[in-house]
Trainee: 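Sharing a structure with you now.
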Amino acid sequence: MPTITLPDGTTRSFDHDTTPLEIATGISEGLAQCAVGARIDGELCDLTAPITEDANVKIVTARKGEKESDPDALELIRHSCAHVMAEAIQRIRPEAKLVYGPALENGFYYDISFEGTAPLSSEEFDSIEKEMTAIIQENRPFSRYELSAEEGMKKLLAEGSKYKIDNANRAIEAGSDALTWYATGEPTEDWEDLCRGPHVPTTGKIGAFKLQSIASSYWHGDADSDNLTRVYGVAFVHKKQLKKYLKLLEEAKLRDHRVLGKKLKLFHIDEQVGQGLLLWTPNGAVVRQELQNFISEELKKQQYSQVFTPHIGKLDLYRTSGHYPYYQESQYPPLIDPDQLSTLASEGCTCGDLSNLMKEGDIEGYLLKPMNCPHHIRIYASSPHSYRDLPVRLAEFGTVYRWEQSGEIGGMTRVRGFTQDDAHLFCTEEQVASELIGCLELVKIIFKTLGMHDYKVRVGLRDSDSDKYVGASEQWDKAEDACRKAAESLDVPWIEEPGEAAFYGPKIDFIVNDVLGRPWQLGTVQVDYNLPERFDLTYIGSDGKEHRPVMIHRAPFGSMERFIGVLIEHFAGAFPTWLAPEQVRVLAISEKSNEYANTVLQALRAKGIRSTVDTCDERIQAKIRNGADLKIPWLLIVGPRDAEKNNVSVRKRGLLQDLGAVEMETFVNAVAEEIASRGSCPALETCFPGNDFSEDT
RNA sequence: GCCACCGUAGCUCAGUGGUAGAGCGCAUCCUUGGUAAGGAUGAGGUCACGGGUUCAAAUCCCGUCGGCGGCUCCA
């Protein structure tokens, strides 16, 4: 005799087992019409799920008129759409073996095996979508049925799909004593799939969908296992939502740093130079230089010492640090003395022999540095230290090289050579906590100045099952605790993640998503008890005895390459004035005003403002458009009227209209101040106080 | 590294076996125009690279390099 409590607190009692559908129908026919599922005591279920006991029930609805759909409804629709897609694909390609097809935050996919036959091609999307549309129009019910584990396995073995058998075995191992199928239509007659559910009641509830892309994946995510074809798609309650989403994706593409990087000439990657090796073109170099200046100023305030170190170091250095033995496969191969190499060659030394000799330390080579820490450590070790000197903070924009997997490289966010805004802090055990907090402060200042508020904080801890970590377990405990406490000091939410630690210690990472929703690790702060041990670093304590310092590695930007890649997307290429490669462009109305335009240009340049003048043989409309296209923050239109009064007519990027004329000197000073203050004294307010300008759309 | 797709002018892209195309950009000229594209003319290509099939390859096949989307990895 279940009593049902609804979200508004009202209750309904039944004298028989009920279902969400019956509850919805009891409330109103309209509710039942748009119901697609339910949450029963918090668990997402089918509309026909039996309710035998008292429960809290929330009906999940999909209404076509709604602006925002219930995420639960979208999940049901997307998971169901994955089934419809799988059915359509199997109609066209009967040999396709289904593996796994879940809903995602932004859509769904189905992993499918085409073993031995041609894999699916996106050219087949049209015909698949046609089949899907037909299945949806037939408005067939999703019918759930259940078999005992034993019976179910018998059925699966008879059908012979190793993937589904595996899925079932996993379900049984996880404690399930029954297996469930969802047929699209009549059980045993229509298409069906082993599936835990839940699903929408009928295929017709899938209001709008689109297949997006084809990719590949590994079975169980294991690179040595079968290669599967993954088909991605999206589904919504209504066509309008789909259209809106697709438009959003289009817009995201225009913000992509790879697209903007070309358009705004920020960086270049050249086939002849090498994959993943970034060339900073003049515009991008300006952005990078400005950011480096910014961070250098902050470092001075925090009593860091600037150092410079070379790009290579002896192999033995990296044997000591552990990098060479532990991460050999992600380093560029060592550089070896040419004479030694030819001697070895004449002795018939093979590549394998060479590798072994290097591993054993029998021959010496040089390594392109994969990290800056060993060099900084040797700087620390170059002179004795008293506890009074600590903490020692050594900072360098240090370029490192890593042999990233070729399939991973792309744009500015994953490269093989990159410059970290690196620093290593050597401190006492007692200083760790406050130094960590100081590092996090720096990260916060940077993110705040740049207006980046949408980041995640992750505390990476060791994975107790793995043996890739170095150092004693008590040290790890201490270090992990210090990280938790430091993260606590940030007033932003953070998560702990076991297995995300560096091999030498735990860390605090800052993670930002790119326009396509892919997460990137930017800033990082890492505690390290291990390297001081390996390099036998010491300081003399107040007791006159030698003690071991603790190291902190930190890079608030992470790497200049990745950070600026994400930053380009953050600003959609429209950098604030202080970062913009070209800050002001002077547009002459006609040739008659070229001279005055040049006067204005000289005034700007005298203040160090990065500016150009456009005296080309075009009308002012075209000049404005060109300047706006390049996302230049300020365009100054100057003609005879302005020259007469020593004025400039101002156009600010992102604002709909021209702002009218202002005295040249006023403008130049205001922009110079905005730049010097890194945006905290906006020139707009200085030049046009009290005006409320509407944003361009 | 693995799987799929892609590589044509500086950029964005058309071109399905028979003389290499468009728009933007660039250059020159006309135009001297007051707030998001004025007009004309012209230059510009080893169709990524190497091999193969063919009377004939940008086009079909193989390999390499590079890009893209995933997967795996990411000190």
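We name chains A, B, ... by the order of the sequence lines, and we start the count at 1 in each one.
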Trainee: If you assign each of A:Met371 and A:Val650 to its closest nucleotide in RNA chain B, which residue comes earlier from the 5' end?
Mentor: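 The residue whose closest nucleotide sits nearer the 5' end is A:Val650.
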
Trainee: So A:Phe426 and A:Met551, do their side chains get closer than 4.5 Å, heavy atoms only?
Mentor: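 Sidechains of A:Phe426 and A:Met551: in contact.
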
Trainee: A:Arg230 side chain: which of B:A75, B:G70, B:G1 is closest?
Mentor: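 For the A:Arg230 side chain, the nearest candidate turns out to be B:G70.
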
Trainee: Considering heavy-atom distances to RNA chain B, does A:Ser216 or A:His323 have its closest nucleotide positioned more toward the 5' end?
Mentor: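 Its nearest nucleotide being more 5', the pick is A:Ser216.
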
Trainee: Checking all strands, does A:Arg258 fall into the base, sugar-phosphate, or nothing category for heavy-atom contacts under 4.0 angstrom?
Mentor: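 Result for A:Arg258 = sugar-phosphate.
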
Trainee: Rounded to whole angstrom units, what separation is found between the CD atom of A:Glu271 and the P atom of B:G10?
Mentor: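 Taking CD of A:Glu271 and P of B:G10, I get 14 Å after rounding.
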
Trainee: Are the side chain of A:Arg402 and the backbone of A:Ser330 linked by a donor-acceptor contact shorter than 3.5 Å?
Mentor: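 Absent.
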
Trainee: For A:Glu595, I'd like to know if atom CD has over 12 heavy atoms of other residues, nucleotides or ligands within 6.0 Å.
Mentor: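 Atom CD in A:Glu595 is not packed in, count stays at 12 or less.
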
Trainee: Where along nucleotides 26-34 of chain B does protein come under 4.0 Å, by heavy atom, of base (B) or sugar-phosphate alone (S), with - for untouched nucleotides?
Mentor: ----BBBBB

Trainee: Is it the case that over 12 heavy atoms from other parts of the model lie below 6.0 angstrom from the NZ atom of A:Lys97?
Mentor: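 No - once you tally the heavy atoms of other residues, nucleotides and ligands closer than 6.0 Å, there are 12 at most.
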
Trainee: Does the structure place the NZ or CZ of A:Arg78 under 6.0 Å from the centre of the six-membered ring of A:Phe108, at an angle of no more than 45° from the ring's axis?
Mentor: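 Because its charged atom misses either the 6.0 Å distance or the 45° angle limit, A:Arg78 does not stack over A:Phe108.
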
Trainee: Would the distance check show the side chain of A:Arg462 and the main-chain N or O of A:Ala501 forming a donor-acceptor pair, the cut-off being under 3.5 Å?
Mentor: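 No.
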
Trainee: Which is true for A:Arg651 with a 4.0 Å heavy-atom rule: it touches a base, it touches only sugar-phosphate, or it touches nothing?
Mentor: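 Answer is base: heavy atoms of A:Arg651 come under 4.0 Å of a base.
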
Trainee: A:Glu329 CD to B:C74 C1': how many Å, rounded?
Mentor: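 For the pair A:Glu329 CD and B:C74 C1', the rounded distance is 10 Å.
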
